[in-house]
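Predicted, not measured: the structure shown is a model, and the values here were computed from it. For reference, positions follow the sequence shown, starting with 1. One-based numbering, in listed order, for ligands and for the atoms of each.
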Amino acid sequence: MADMTDNNPSDPLAQPAAFKRRGLLFVLSSPSGAGKSTISRKLLAHDPGLTMSVSATTRPMRPGEVDGKDYHFVDLERFRAMVSDNEFLEWAHVFDHRYGTPRAPVEGMLEAGHDVLFDIDWQGAQQLHQLAGGDVVRVFILPPSMIELEARLRGRGTDSNEVIERRMARAHSEIAHWDGYDYVLVNDDAESCFEKVRTILQAERLKRHRQTGLIGFIRKLDREEI
Ligand code: 5GP
């Protein structure tokens with residue numbers, strides 16, 4: 001994984017430039033309707049050092065979605081070719097469709113010194129963790145209650161009754177994987193949940209094992225004392 005520098009002068013939490021660090025793979029998962037996309041949007045808007053990974057999917061485009069921005073919409077044949085050409089960092093079946101994280105853009109973003117944000121399910125979080133271990137931070141967002149979750153799904157007005165029932169069933173199985181995450185938050189208030197996620201990202205960036213330039217800096221301090 002490429003080293004990077006937190007040298008954004010407007011960021012009071014940035015480390016000195018000598019403190020190069022490893023890029024982060026920051027995973028946000030939740031049952032749909034728990035508010036994850038609002039939080040992702042706000043994180044990206046507030047943090048120029050963070051870039052979104054755009055997944056490929058075989059599911060049909062929803063109204064308002066943009067190909068290449070929300071997802072790369074591909075057919076099954078293309079998806080299968082991408083799997084066999086090892087073009088995905090991870091992929092999974094979710095609902096009746098396939099979703100996968102294209103490998104090359106993520107590697108490019110890390111090379112360019114960006115942390116990468118992933119909106120993927122527990123299967124993806126597990127695979128990324130197996131692949132990149134300590135570079136992955138996994139955050140799971142819970143709804144305050146299942147009643148509230150259903151109300152949010154109905155409030156969106158985008159899905160039929162049947163789809164909502166399936167999403168609720170899927171939510172239960174998604175929540176069952178809460179213990180595969182480093183952090184579990186309840187989204188009872190969008191603003192405070194966002195602040196918590198942002199705090200996690202900031203603290204994770206400061207972790208010692210990510211500061212690859214630290215040894216050189218410490219040696220320099222040592223030499224100054226002699
Ligand atoms: P939706 O169809 O509502 O956009 O997404 C359905 C689910 O698929 C969400 O839980 C989302 O996090 C997950 N998902 C989206 N992209 C990926 C991906 O590339 N890999 C995996 N494993 N899950 C994904």
Side-chain angles (χ1 to χ4, degrees), residues 25-41 43-44 51-76 78-83 85-110 116-132 136-143 146 149-150 152-160 162-178 180-185 187 193 197:
L25 288 79
F26 198 73
V27 176
L28 273 188
S29 301
S30 77
S32 60
K36 174 185 49 181
S37 24
T38 311
I39 291 173
S40 304
R41 259 200 309 277
L43 269 184
L44 292 165
T51 306
M52 186 87 200
S53 159
V54 179
S55 297
T57 183
T58 58
R59 90 149 157 71
M61 206 188 291
R62 293 189 192 126
E65 285 185 326
V66 177
D67 188 22
K69 181 168 172 281
D70 297 290
Y71 284 103
H72 301 288
F73 294 94
V74 297
D75 60 18
L76 188 54
R78 172 81 188 113
F79 195 97
R80 285 193 171 131
M82 291 175 82
V83 171
D85 292 342
N86 198 25
E87 285 183 38
F88 288 124
L89 275 181
E90 64 75 34
W91 70 273
H93 288 269
V94 185
F95 300 111
D96 294 332
H97 303 291
R98 284 158 218 229
Y99 295 77
T101 301
R103 178 189 302 278
V106 173
E107 289 175 352
M109 288 184 264
L110 291 168
V116 185
L117 177 64
F118 299 85
D119 171 347
I120 58 179
D121 80 336
W122 67 272
Q123 305 172 82
Q126 194 178 60
Q127 291 174 56
L128 275 195
H129 188 253
Q130 292 207 333
L131 201 75
V136 182
V137 177
R138 296 157 297 173
V139 181
F140 194 80
I141 297 172
L142 293 168
M146 295 315 268
L149 182 69
E150 188 167 344
R152 287 184 195 171
L153 287 178
R154 292 195 184 281
R156 296 207 293 213
T158 50
D159 297 321
S160 65
E162 193 208 331
V163 170
I164 288 175
E165 272 161 33
R166 291 182 56 212
R167 284 188 184 275
M168 288 302 291
R170 161 107 191 138
H172 282 281
S173 64
E174 186 85 23
I175 289 170
H177 295 280
W178 63 274
Y181 288 79
D182 305 301
Y183 300 88
V184 180
L185 305 174
N187 185 8
C193 191
V197 174

Do Arg167 and Ser32 have side-chain atoms, one donor and one acceptor, less than 3.5 Å apart? yes
Among all residues two or more places apart in sequence or in another chain, which pass the side chain to side chain contact (heavy atoms under 4.5 Å, CB included) test with Arg59? Thr57, Arg62, Glu65, Tyr71, Phe73, His97, Tyr99
Value for CG (Leu128) from CD (Glu90), rounded to nearest 0.5 Å, stands at 5.5 Å
Relative to each other, are the rings of His177 and Trp122 parallel, tilted or perpendicular (30° and 60° limits)? parallel
Look at the side chain of Asp85 and the backbone N and O of Glu87, then say whether any donor-acceptor pair between them is shorter than 3.5 Å. no
When you look for protein heavy atoms under 4.0 Å from ligand 1, which residues do they belong to? Lys36, Ser55, Arg59, Arg62, Tyr71, Glu90, Ala92, Val94, Phe95, Tyr99, Gly100, Thr101, Asp119, Ile120, Asp121, Gly124, Arg167
d(Leu110 CG, Leu25 CG) to nearest 0.5 Å is 5.5 Å
